[in-house]
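Notes follow the structure.
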Protein chains: 2
Amino acid sequence: MLRAAAALLARKSTATMDEVARAAGIGRATLHRHFAGREALVKALEAFGLEEFEAAVDRAAIESGPAGDALRRLIAEMEPAAELLAFLVTENQLFEGDQVDEGWARLDARVSALFRRGQEQGDFRIDLSPIWLTEALYGLIGTCAWTVMDGRVAKNEFQYMITELLLGGARRSVEK
Amino acid sequence: MLRAAAALLARKSTATMDEVARAAGIGRATLHRHFAGREALVKALEAFGLEEFEAAVDRAAIESGPAGDALRRLIAEMEPAAELLAFLVTENQLFEGDQVDEGWARLDARVSALFRRGQEQGDFRIDLSPIWLTEALYGLIGTCAWTVMDGRVAKNEFQYMITELLLGGARRSVEK
DNA sequence: ACCGAATGAGACGTCAACGTCTCATTCGGT
DNA sequence: ACCGAATGAGACGTTGACGTCTCATTCGGT
């Protein structure tokens, strides 16, 4: 049910509760029985998303191995939840910047740590801050998810496009 | 007036007409005298944004010189309109993918052409499609604008963070 | 086959934002 | 100083989504 809601809201973040219910194949009443209002639904989606993302980070085991490889694994593991991430990132953007959710802070910390580790081990450049790299990762995943939804990028290119752009950039390097 | 509306809506895309009016320092009535409804306001903002972006592309003269330098100039010229871009990109995302505005198609074509030119001249790698690079550019600009608004990245790092990440990627290259 | 729980469909009241309208005030040109 | 146009403030009705409620139906366990 959460997955159905996520799939719809990722495409149309302003979707009605009625539309969400129909998309999930249930009645509005039932939807309200599970989530007391739209706010509760979004909160549940956020919690659900955080679980997914943490699980993806765990599966990718980003704390081990070369940072570059760890990042590749992370992107691969995050792909199934990319649309949800796109939704939650823009949704979070609406919040008055006052208090950031503790769950997000923890997730951000883990991902940032990956980039910092890469810098310390000499794999990543040090002139781009880990925080920015983390945000850029989220942004690229969201952007790519949207672009795939629009059909402008093939779904099976998802991982490659993000990984290569984020790691190697657009410039054609000499070593290649 | 459009700039004031853009500045507010970029931060809070769900802002009320009332809030927009107050942010622009005018009354609701006056706002409605200029734009017949929220839809018209967004359309006007879109037209305004397109003008700004086209102007930025013109100033950057992306058709001349090495593609990498052209991209740097483009990012620099787009910085003032970055928040507006972030708003319009997410707003466009809400549209049922049916018809893409003709103005956006033209802008996309120009930017894509820059990346394609870079590929043909051997400056950019050819395994990342121009369309994806274009979308990634938009996405990174929007993401960076948000991150700057949140205070997680310093405003004066805007150009550098985007340019370096997009061109060179996160990996520390041997040649450096 | 039975029975309680859960569901779907729909009716209903509430509320916030919208868009229109009026009217007093202010602004700018002559 | 005059006058018309534009503005700000606010009242008003409309609309769409929300959240609650009821009731007939269906589902699932025993």
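Residue numbering restarts at 1 for every chain, and letters A, B, ... go by the order of the sequence lines.
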Set of ring pair (Phe, Tyr, Trp, His ring centres under 6.0 Å) partners for B:Phe115, sequence neighbours left out: B:Phe124
Only counting residues at least two apart or in another chain, list the ones meeting side-chain contact (heavy atoms from CB on, under 4.5 Å) with B:Arg59. B:Ala55, B:Ala56, B:Glu77
Just to verify, what does [X] make a side chain to side chain donor-acceptor pair (under 3.5 Å) with, not counting sequence neighbours?
X	value
B:Glu19	B:Lys12, B:Thr16
B:Gln119	none
A:Glu52	A:Arg3
B:Arg106	B:Glu54

Pairing string of DNA chain C (Watson-Crick or G-U wobble, both atom distances under 3.5 Å; | = paired to other strand) is ||||||||||||||||||||||||||||||
Nucleotide D:dT7, atom C1' - distance to NE2 of B:His34 in whole Å: 9 Å
d(CG, B:Leu31; P, D:dA6) in whole Å: 16 Å
Name every donor-acceptor pair, under 3.5 Å, that has one atom in a side chain of residues 20-28 of chain B and the other anywhere in the protein, sequence neighbours excluded.
unit_1: B:Arg22; atom_1: NE; unit_2: B:Asp18; atom_2: OD1; d: 2.8
unit_1: B:Arg28; atom_1: NH1; unit_2: B:Asp18; atom_2: OD2; d: 2.7

Distance col, row A:Glu157:CD vs B:Asp127:CG, nearest 0.5 angstrom, shows 10.0 Å
For every nucleotide of nucleotides 15-24 of chain C, 5' to 3': is a protein heavy atom under 4.0 Å from its base (B), only from its sugar-phosphate (S), or from neither (-)? --SSBBBB--
